[in-house]
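Computed over heavy atoms, backbone and side chain alike; hydrogens, waters and symmetry mates excluded.
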There are 2 protein chains.
Amino acid sequence: MTALMEQGEICRPIGFVPTMGYLHQGHLSLVHRARQECRTVVVSIFVNPTQFGVNEDFDSYPRDLSRDLEMLEPMGVDIVFCPPVREMYPDGYQTFVDVEQLAQILCGARRPGHFRGVTTVVLKLVNIVKADLMYMGEKDFQQCVVLETMLRELNQACRIIRCPIVREADGLAMSSRNVYLSPEDRQKASCLHQAIQLAQRLCRDGKDKADEVIPVLTELILSRGGQIDYIAIVDHVSLQPVDVVDTRSRLLLAVRFGKTRLIDNGAIA
Amino acid sequence: MTALMEQGEICRPIGFVPTMGYLHQGHLSLVHRARQECRTVVVSIFVNPTQFGVNEDFDSYPRDLSRDLEMLEPMGVDIVFCPPVREMYPDGYQTFVDVEQLAQILCGARRPGHFRGVTTVVLKLVNIVKADLMYMGEKDFQQCVVLETMLRELNQACRIIRCPIVREADGLAMSSRNVYLSPEDRQKASCLHQAIQLAQRLCRDGKDKADEVIPVLTELILSRGGQIDYIAIVDHVSLQPVDVVDTRSRLLLAVRFGKTRLIDNGAIA
């Protein structure tokens, strides 16, 4: 691929959609947007081992490459990049990128090493693909902030284009991990989006204190059988907790249903 | 600068010589070679705070920008990049690059965090400058290996061109830190190069066991008043100690004279 680009056969801007495969409409919305905005569109499919903890679901993460390629077929993608693990991480691989404070809170606190794996693989992919624009969904809100920080602080030319969360009919944010949910848990999981909507209503009604809002959301989610990993209302740039909700605030949720950990988020003011 | 490049006014390959200033003939040899091989030559002068330990010489590191610029004047450099510290590391800066095993041994073991600072600043500079080729002196042998590993493993397109050590008449490797030496220590310090030459003679005479060679070098350096930080004979790629010297081996020395820590190295077979 790089050789092709050096021959000048690939045109800029190069839009890049990094994925771990098992594609859904959320991914396709990123590809669609990249196709509209870029002369070359590259999608990567790579289940990145370094971003999974030792007790996490790397081995069981859903994979179906031929289905993924079929879904991409009508999208007008120029290149689908599916490297083998040993090509990305040869024997003795030892270089990693850390975004310190932002990667240690929220999901980073619950998944040690997760963001180190994400930042490292994304930097590698951006360099391989020579991406100008990288399209990412806001479902992984902290990931967007961490990666924007990394690219900016390392003076990489690539810029992130954040795209809105794509949801199922009942509001559940699309995720490859949704297939893990039992039918009952799948139904319960819609309470994440309901919690975001409830928070929006509360704020609209003047209940804009984080310590008023969070207990109400906690009650809703517990009543639907979710095990709360965290519910946080944070500044959308620093990711630090805020006391009073305003337009710079973001509600972030991480909740388990059975063994499946789901995340969601939304602006609430 | 980036804007200029994007307008197509700067031509590739871009050759880059990163320095901490207080230039000497070693630096100029790198600039000279870059000028021969590249259409655009960029020199950076930046005393990088993140690669100095808390008790090291960041504040006292020699600086003389106008002298540096005068020395570069006849060299045909296109751009001299001298960023302020706060531009490279704005408030809240938090992204760092680690090369793990290679950066923890030898100088890395004696200077915790040193290589993390080096890898981070060099990646930033390479991205800012959009360097194709980076010219580095082999005096900092471990640094060359660590940075080559970083660039390769992060899939950066930039390649390192290693250049030979430039020495004073008595063999002392040129270094900005040589100005720290008292006249007596300056004279004693030539024993580093003598140790390398002695090792070469020993090997030529069939004394090719590391545990035969190192004690002889130790004796020489101690007799000249050097305090040995380490003397190591290592594989030139893995930097792991070897038992028997061969053409893949490198002798690495780190020795203090007074408060000044000097390094040197050479192939000895």
- Query: When you measure from the side chain of Asp98(B) to the backbone N and O of Glu100(B), does any donor-acceptor pair fall under 3.5 Å?
  - Reply: no
- Message: Check whether Asn265(B) reaches the backbone of Lys139(B) with its side chain - one donor and one acceptor, N or O, closer than 3.5 Å.
- Response: yes
To check you understand the geometry: which heavy-atom pair defines the closest contact between [X] and [Y], and what is its length?
X	Y	answer
Phe52(B)	Phe58(B)	CD2-N, 3.3 Å
Ser44(A)	Leu125(A)	OG-CD1, 3.8 Å
Ser176(B)	Gly21(B)	OG-O, 3.4 Å

- Task: For chain B, find its close neighbours in residues 102-117 of chain A: heavy-atom separation under 4.5 Å, sorted by number, or none.
- Result: Leu102(A), Arg116(A)
- Item | Residues in residues 231-245 of chain A near chain B [non-hydrogen atoms, under 4.5 Å] | none
- Message: Among Asp246(B), Asp208(B), Leu251(B), which residue satisfies the side chain to side chain contact (heavy atoms under 4.5 Å, CB included) criterion with Ile268(B)?
- Response: Leu251(B)
- Item | Pair Arg35(B) + Asp78(B), salt bridge at N-O below 4.0 Å | yes
- Message: Under a 4.0 Å threshold between the charged nitrogen and the carboxylate oxygen, would Glu56(B) count as salt-bridged to Arg261(B)?
- Response: no
- Query: Which of the residues Met88(A), Gln101(A), Gln94(A) is involved in the greatest number of heavy-atom pairs with chain B at under 4.5 angstrom?
  - Reply: Gln94(A)
- Query: Quick one: do the Tyr61(B) and Asn48(B) side chains pair a donor with an acceptor below 3.5 Å?
  - Reply: no
- Message: Could you tell me if the side chain of Glu37(A) sits less than 4.5 Å from the side chain of Pro13(A), heavy atoms only?
- Response: no
- Message: Ring of Phe46(B), cation from Lys124(B) - is the NZ or CZ under 6.0 Å from the centre and inside 45° of the axis?
- Response: no
- Cationic tip of Lys130(A) above Phe16(A) ring, under 6.0 Å, 45° of axis: no
- Message: Can you list the residues of residues 149-165 of chain B that sit under 4.5 Å from chain A, counting heavy atoms only?
- Response: Thr149(B), Met150(B), Glu153(B), Leu154(B), Asn155(B), Gln156(B), Ala157(B)
- Contacts of Thr120(A) that satisfy side-chain hydrogen bond (donor to acceptor under 3.5 Å, both in side chains) - sequence neighbours left out: none
